[in-house]
Structure formats: structure tokens, C-alpha cells
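Structure first, then comments.
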Amino acid sequence: MTPAGKPLYLMRAMLRPMDSELRIFLGRTALEVAPDLLGWTFSTTLDGTTASVRLTEVEAYMGEDDPASHAYRGMTARTEPMFREAGTLYVYLSYGIHSCVNIVTGPVGTAQAVLLRGGIPLEGVDAMVKRRGREANLTRGPGNLAKAMGLSTTHSGTSIDGERIILLPGAPPASVVATPRVGISAATDRLWRFMAAEDITANDISDRKGTA
DNA sequence: AGCTAGATCGGCT
DNA sequence: GCCGATCTAGCTG
């Protein structure tokens, strides 16, 4: 471990985003990658502005073996990006309104992905406010986070490129809480939603459907 | 070709 | 806490 408390391969990934080290990091199962992404920075530079968040809430979806995954019944036109290589974005439309962003992980063809559900704004707050049309809860919830970052379903199939869309290692949270995933009706016994403990408020654990 | 549940959000009671 | 908005992907007929 380095003085910063991170393995060396993560420090290298920080210097060269989406190089082979990051590929190895994302090449693991979604269940491994999801909690490890907490504390990382997710950043987009779109429409001439950069927006960044520190990730505080994610969920793991394990592909064709996971009844709650969109990939459970195989590849479709919508889910095709999930079957691509790690680092690809899978963005889907939820309830006809909201775009939700996933980062594909694991070996090609396994359709594993990590849903980005929440973060803390670090950069580009003005752009986020403009995109969201409000100032509260800018990046809380998958639909809100995607909107604040300027991402929509048109970005499904694009990938983390170290330019427009960037993933940077960050200090992991002191502790991580695992709960059932939100809003699903299958495999509710799997504790595959991960949150930074210090970011949890009362609403997070009592208010959302799908939580225990 | 039609039907409907859904990895949500925000406003209202 | 509850409910309506909004609309498409994927399934049934």
C-alpha cells in the first residue's frame, strides 16, 4: 500500500485514466468493483463544461445470472452495450423520463455493470444547477446524477475515454453500508447496493422502496 | 399491433 | 407518505 492508503495500481490509474491498470480494475466482477468505486471521482466534460462528483452510492448488477439485471434474459437492442468491454457506459431510460448510467465491468460478454446512484458534487456545480433546473439534490439518485452530469441515453455505448468521460481513484469511505438494491422486485435478498456510511442520511435507509 | 411494468422523481396531502 | 407524470422496451396475441 502507498502512503495514501491505496494500492499502487490505483495510484497509477489516477495518472493515466483508462489505461491497462484501470482496465484491470474494471475487469473484475461488478460485485467487486461497485464498493471499490465509492470515493472515486466520476467526471464528464460535455458541452464545454466539466462536471465531477465523488461517488457515494452504487449498485452491482451481475448480468445474465442476476434476475434484477436488464441483461437477465439475454441481449437486446437496449442492453447490447452491457455486453461490451469494461468501461463502456450503459444508459437506459427509466420510467420514460430519467436516464440512468451504468459502468460496464467484468469480461466481455458477461453483461455486468455498476449503476451510479449518487455522488457529491465536486466541480461544475453551476452547470449541474442549470441542467437540473434546481439547486437541491443535484446528484442524488441515478436519474438526477445522470442529468447533472449531462448524460442521457444517447451516451449508451460510449465509454470511459480519459477525455470526455473520466474515472479517477479517490480515498475510499471509512466504512461501506450494503443494502438491497432500490426499486427492483427480483433478487431482493442480495445486498448489492453500496453506500459510503458517512453520506447516509435517515432517508437513505428508511425511505426508499426496496430497502430493508 | 397493443399492453404494461418499470434499476425514478418531485410535488402534494 | 402517497401519487401522478411520462414513454419505451420487451412481451403477449
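Chain letters run A, B, ... following the sequence lines, proteins first, then strands; residues in each count from 1. Computed over heavy atoms, backbone and side chain alike; hydrogens, waters and symmetry mates excluded.
In this entry the distance linking CE of A:Met82 with C1' of C:dG10 reads 13 Å, nearest Å. For the pair A:Leu138 CG and B:dC9 C1', the computed distance is 14 Å after rounding to whole Å. Protein atom CD of A:Glu59 is 12 Å distant from nucleotide atom C1' of B:dT8, rounded to whole Å. Rounding to whole angstrom units, NZ of residue A:Lys147 and P of C:dT6 are separated by 12 Å. In this structure, A:Tyr95 places its OH atom 13 Å from C1' of C:dC7, rounding to the nearest Å. Note: CZ (A:Arg190) to P (B:dA7) measures 15 Å, nearest angstrom. Following rounding to the nearest Å, A:Arg181 (CZ) and B:dG6 (C1') show an atom-to-atom distance of 15 Å. For the pair A:Arg78 CZ and B:dA5 C1', the computed distance is 11 Å after rounding to whole Å.
No hydrogens or angles considered: nothing links the side chains of A:Thr153 and A:Ser156 as a donor-acceptor pair under 3.5 Å. Between A:Thr88 and A:Glu85, the side chains place no donor N or O within less than 3.5 Å of an acceptor N or O (distance only, hydrogens not considered). A:Ser99 and A:Ser152 form no side-chain donor-acceptor contact under 3.5 Å, judged by distance and modelled atom types alone.
Under 4.0 angstrom from either OP1 or OP2 of B:dG6 there lies at least one side-chain N or O belonging to A:Ser185. For A:His98, no side-chain nitrogen or oxygen approaches OP1 or OP2 of B:dC9 to under 4.0 Å. Proximity of A:Arg117 to the phosphate of B:dT8: a side-chain N or O atom is located under 4.0 Å from OP1 or OP2. The phosphate of C:dG10 has OP1 or OP2 within less than 4.0 Å of a side-chain N or O from A:Thr76.
Note on A:Asn137: nothing from the nucleic acid sits closer than 4.0 angstrom, heavy atoms only. Nucleic acid contact for A:Ile97: base, since at least one base atom lies under 4.0 Å from a heavy atom of the residue.
Under the Watson-Crick or G-U wobble criterion, with both distances below 3.5 Å, B:dA7 is left unpaired in every strand shown. Pairing for C:dC11 is with B:dG2, a Watson-Crick or G-U wobble pair whose two hydrogen-bonding atom distances lie under 3.5 Å.
Considering only the side chain of A:Asn144, B:dG10 comes nearest among C:dA9, B:dA7, B:dG10. For A:Arg73, the side-chain atoms get nearest to C:dC11 when compared with the rest of C:dT8, B:dA7, C:dC11. Considering only the side chain of A:Asn102, B:dA7 comes nearest among B:dA7, C:dG10, B:dG6. The side chain of A:Arg132 has B:dG10 as its nearest neighbour among B:dA7, C:dT6, B:dG10. In the set B:dG11, B:dG6, B:dA7, B:dG11 carries the atom at the smallest distance from any side-chain atom of A:Arg134.
Judged by distance alone with a 3.5 Å cut-off, a donor-acceptor contact links the side chain of A:Tyr92 to the base of B:dA7.
A:Phe42 has its side chain within reach of A:Leu151: a pair of non-hydrogen atoms, C-beta onward, lies under 4.5 Å apart.
Screening A:His98, A:His70, A:His155 against A:Tyr92 for a ring-ring contact (aromatic ring centres under 6.0 Å, His included) leaves a single residue, A:His70.
Ring geometry, A:Phe25 versus A:Trp40: the interplanar angle falls under 30°, so the pair is classed parallel (tilted spans 30 to 60°).
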